[in-house]
Amino acid sequence: MKYQSTQGFMPYFTFEDTLYNGWLQNNGLIVPVCVPRLTNDELLKFCNLSYKEVCLKILTLFIDSDFISDVELKAIIEKAVSVFPENVAPLKELYPGAYILELFHGPTHSFKDLSLSLVGPLLNHSLEKSGKRGIVYVCTSGDTGSAAIHVMKNQPNLHTIVMFPGGNRISKLQRQLITSVNHKNIHTFSADCSCDDFDFFNQKEFVPNLKKRYPNIVVTSLNSLLWSRILAQMCHIVYAYCNTSFNLQPLRIVIPTGGAGHLTSAVLVQKLGFPIHIVAASNDKNPNLYNFLSGQSMSKTSSVTQSFTVAMDIQFPCNLDRLLYFWSDGCTDTVKKIMDSFYSGIPTKADQKLLEKIQDSVTPMSVNDDDVIATIKRCFKETQYILDPHTALGFSHYYRDKVDNYPTVYCGCASPIKFVDTLYKAEIPVPKYFTEYVHNKELNDEYCHACPPKKEDWCNYLLDYISNKISESFK
């Protein structure tokens, strides 16, 4: 399996290379040169497999055996899922043909646990083979940071730097899960900014300077910039399809999306040949991705506005590169033209030919905060099921747009236990164990550093921190 940049003009990459690269020097992201198209017989072989077996079949489609043997990969999968219940990703049928795919039964209560439990050990496997050490940088709008910390704190060859928006831009529990870990290879930083601000800072300033200062150290990301995370997320989408649809019947899947990593994974599952149609649900306060998918303009100058779905408060869908690559059938010129325009601050939209391909694949959906609250209320009243705000954003599709008998899976991306304040806004009874859990976490000490107030000072501040606190471990 060969990989290349979404924007072309670079040598091919191996799978191992993909573990070491988020943003590339030409601003592109890594994608497979060719996605295998499975036959109907091959697709049917996924039916009746366990989650672990689905993982092994999907990962081996994209990972060469000279990097890791099937035996070693199977051992990583076994260990990764050992922190989850036996039913790793249960499907709850709330209404006939309407399923919640519960992806939040991991240690930090979000779907990021599932993918990162695989990605972290794969990265460490590579470093152990090569004898290298590395720094992982993570920008988080709430959930990726804590999931990365949980996985990476036990990876001996890596230091992990987590950056998250301060103030009330993430929930109290999200913050506590990030800042309460006191471990020598975990380093957390907050600033008065949005997650987009950190993304642009890492892409344009911090990562290039970090690689320049430490050329012998692996510098990589655990955000969905990393191809292996996109790959890992494909597994639960295939698993959901195989457990809700039969004989290759079509399935609709609704994905709440901000940075578009989860959406990209679903598009890859389409590319494999699974007959799914995707609904990409966005919050209306940060409409860039919705606008683009709808044929309207998106703009880099659009500012981030806080919503009840805080993990999706993103105006720069960093996986748009990959989506454009797949929707344009691998045309790197198309990707580069659109992304160059976007980075230049020019309002950017798809031409008619590209838009038709996008809308064959994805239906965009925009949801406001009032609809999120109304969905939480109605769902609890009618089913006694408690939705978190992000899952509710997607599930509002059922009440608003689902007028057919098409089986539909709604991705349950986070546990409602992380968003007690929103549940109070929805005026539904909050289980006692929710509030007790949150209270106990709030009693933990915080281990976190504040970035300087001025963005132009961030890079030197972080490089000095690494020099003083981390660099000795590289010797």
Side-chain angles (χ1 to χ4, degrees), residues 84-85 89-92 94 98-115 140-147 168-178 195 233 236 240 253-259 261-262 279-286 306-314 365 367-399 408-438 441:
F84 295 84
L91 284 149
K92 301 289 179 69
L94 298 191
Y99 303 86
I100 299 287
L101 176 62
E102 294 187 343
L103 301 171
F104 48 74
H105 292 290
T108 70
H109 317 294
S110 90
F111 82 100
K112 311 296 176 63
D113 289 319
L114 271 174
S115 56
T140 181
S141 54
D143 290 331
T144 300
S146 56
N168 62 350
R169 292 182 179 88
I170 63 175
S171 77
K172 292 178 183 178
L173 183 55
Q174 284 177 311
R175 181 184 176 97
Q176 283 298 321
L177 289 169
I178 292 170
C195 187
Q233 289 169 176
H236 60 249
I253 185 162
V254 181
I255 298 182
T257 189
H262 210 178
V279 175
S282 308
N283 69 52
D284 71 332
K285 291 187 175 179
N286 300 285
Q306 189 168 353
S307 71
F308 290 158
T309 51
V310 292
M312 296 163 58
D313 288 342
I314 294 169
M365 173 184 174
V367 182
N368 63 40
D369 280 349
D370 289 342
D371 283 344
V372 168
I373 296 300
T375 298
I376 294 172
K377 281 185 176 182
R378 180 173 174 182
C379 185
F380 182 76
K381 180 180 179 181
E382 294 181 3
T383 70
Q384 297 296 293
Y385 189 88
I386 302 176
L387 298 167
D388 88 283
H390 307 81
T391 307
L393 182 142
F395 199 73
S396 65
H397 166 272
Y398 179 83
Y399 298 127
T408 303
V409 168
Y410 298 88
C411 288
C413 298
S415 168
I417 202 169
K418 302 181 85 165
F419 303 98
V420 169
D421 289 347
T422 307
L423 301 184
Y424 285 133
K425 288 183 176 72
E427 299 176 335
I428 67 169
V430 176
K432 185 178 179 181
Y433 74 90
F434 276 29
T435 54
E436 288 177 346
Y437 180 86
V438 173
K441 286 291 182 184

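None of the values given here were measured: they were computed from a predicted structure. Here, residue 1 is the first one in the sequence, and each next residue gets the next number.
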*Asks:* Using 0.5 Å steps for rounding, measure from the CD1 atom of I373 to the CG atom of L387.
*Replies:* 11.0 Å
*Asks:* Report yes or no: does T391 contribute a side-chain atom to a donor-acceptor pair with the main-chain N or O of C413 at less than 3.5 Å?
*Replies:* yes
*Asks:* Can a side-chain donor-acceptor contact be found between S396 and D371 if the only test is distance below 3.5 angstrom?
*Replies:* no
*Asks:* Would you check, one step at a time, whether the test side chain to side chain contact (heavy atoms under 4.5 Å, CB included) holds for L173 with V420?
*Replies:* CA-CA 9 Å; L173 183 55; V420 169; over 6 Å; no
*Asks:* Determine the minimum heavy-atom distance between V254 and A281, stating which atoms define it.
*Replies:*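 Looking at all heavy atoms of both residues, the shortest contact is CG1-CB, 4.5 Å.
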*Asks:* Run V367 and F308 through side chain to side chain contact (heavy atoms under 4.5 Å, CB included) and show every step you take.
*Replies:* CA-CA 11 Å; V367 182; F308 290 158; over 6 Å; no
*Asks:* From T375 OG1 over to L393 CG, what is the distance, rounded to the nearest 0.5 angstrom?
*Replies:* 8.0 Å
*Asks:* Taking the side chain as everything from C-beta on, heavy atoms only, tell me whether P416 gets closer than 4.5 Å to L423.
*Replies:*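 The answer is yes, as the side chains (C-beta and beyond) meet within the 4.5 Å cut-off.
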*Asks:* What are the two closest non-hydrogen atoms of Q384 and K381, and how far apart are they?
*Replies:*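 Reported closest heavy-atom pair: NE2-O, 4.0 Å.
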*Asks:* Nearest 0.5 angstrom please: Y99 OH to L94 CG, how far?
*Replies:* 11.0 Å
*Asks:* Which heavy atom of F380 sits nearest to which heavy atom of P429, and what is that distance?
*Replies:*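 Distance-wise, the nearest heavy atoms are CE2-CD, 3.4 Å.
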*Asks:* Report the distance from atom CG of L103 to atom NZ of K112, rounding to the nearest 0.5 Å.
*Replies:*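 The NZ atom of K112 is 11.5 Å from CG of L103, to the nearest 0.5 Å.
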*Asks:* Test of understanding: with salt bridge (Lys or Arg N to Asp or Glu O under 4.0 Å), list the residues that count as partners of K418, not counting sequence neighbours.
*Replies:*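 By the salt bridge (Lys or Arg N to Asp or Glu O under 4.0 Å) rule, K418 matches D143.
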*Asks:* For D313 and N283, which I'm curious about, is there any donor-acceptor pair between the side chains at under 3.5 Å?
*Replies:* yes
*Asks:* Less than 4.5 Å apart, side chain to side chain, heavy atoms only: is that true for S307 and V372?
*Replies:*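 Result no, sub-4.5 Å side-chain heavy-atom pair not found.
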*Asks:* With rounding to the nearest 0.5 Å, note down the distance linking OH in Y398 to CD1 in I100.
*Replies:*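 Going from OH on Y398 over to CD1 on I100, the span is 11.0 Å.
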*Asks:* Has the side chain of T383 got a donor or acceptor atom that lies under 3.5 Å from a matching backbone atom of C379?
*Replies:*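 At least one qualifying donor-acceptor pair exists.
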*Asks:* Using the side chain to side chain contact (heavy atoms under 4.5 Å, CB included) rule, take D369 and K285 through it: C-alpha gap first, then chi angles, then the decisive distance, then the call.
*Replies:* CA-CA 9 Å; D369 280 349; K285 291 187 175 179; 3.1 Å; yes
*Asks:* Is there side-chain contact between N286 and I314, with heavy atoms separated by less than 4.5 Å?
*Replies:* no
*Asks:* Kindly give the heavy-atom pair with the smallest separation between I376 and A426, and that separation in Å.
*Replies:*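 Closest heavy-atom pair between I376 and A426: CG2-CB, 3.7 Å.
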*Asks:* Do you know the tightest heavy-atom contact between C411 and I255?
*Replies:*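 Result for this residue pair: SG-CG1, 3.9 Å.
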*Asks:* What is the ring orientation for H262 with F111, classed by angle as parallel under 30°, tilted 30 to 60°, or perpendicular over 60°?
*Replies:*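 Judged by the thresholds at 30° and 60°, the geometry between H262 and F111 is parallel.
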*Asks:* Looking at the rings of Y437 and H109, which for Trp means the six-membered one, are their centres under 6.0 Å apart?
*Replies:*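 Centroid separation for Y437 and H109: below 6.0 Å.
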*Asks:* Quick one: CD1 on I253 to NE2 on H236, what's the gap to the nearest 0.5 Å?
*Replies:*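 Answer rounded to 0.5 Å: 7.0 Å.
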*Asks:* Decide side chain to side chain donor-acceptor pair (under 3.5 Å) for D284 and N368; before the verdict, give the C-alpha distance in whole Å, the side-chain angles of both, and the deciding distance to 0.1 Å.
*Replies:* CA-CA 5 Å; D284 71 332; N368 63 40; 4.7 Å; no
*Asks:* Starting from the C-alpha separation in whole Å, work towards a yes-or-no answer on side chain to side chain contact (heavy atoms under 4.5 Å, CB included) for S282 and T257.
*Replies:* CA-CA 6 Å; S282 308; T257 189; 4.0 Å; yes
*Asks:* H390 vs F419 aromatic rings, parallel, tilted or perpendicular, using cut-offs 30° and 60°?
*Replies:* tilted
*Asks:* Y410 and A98: which non-hydrogen atoms are nearest, and at how many Å?
*Replies:* CE1-CB, 4.0 Å
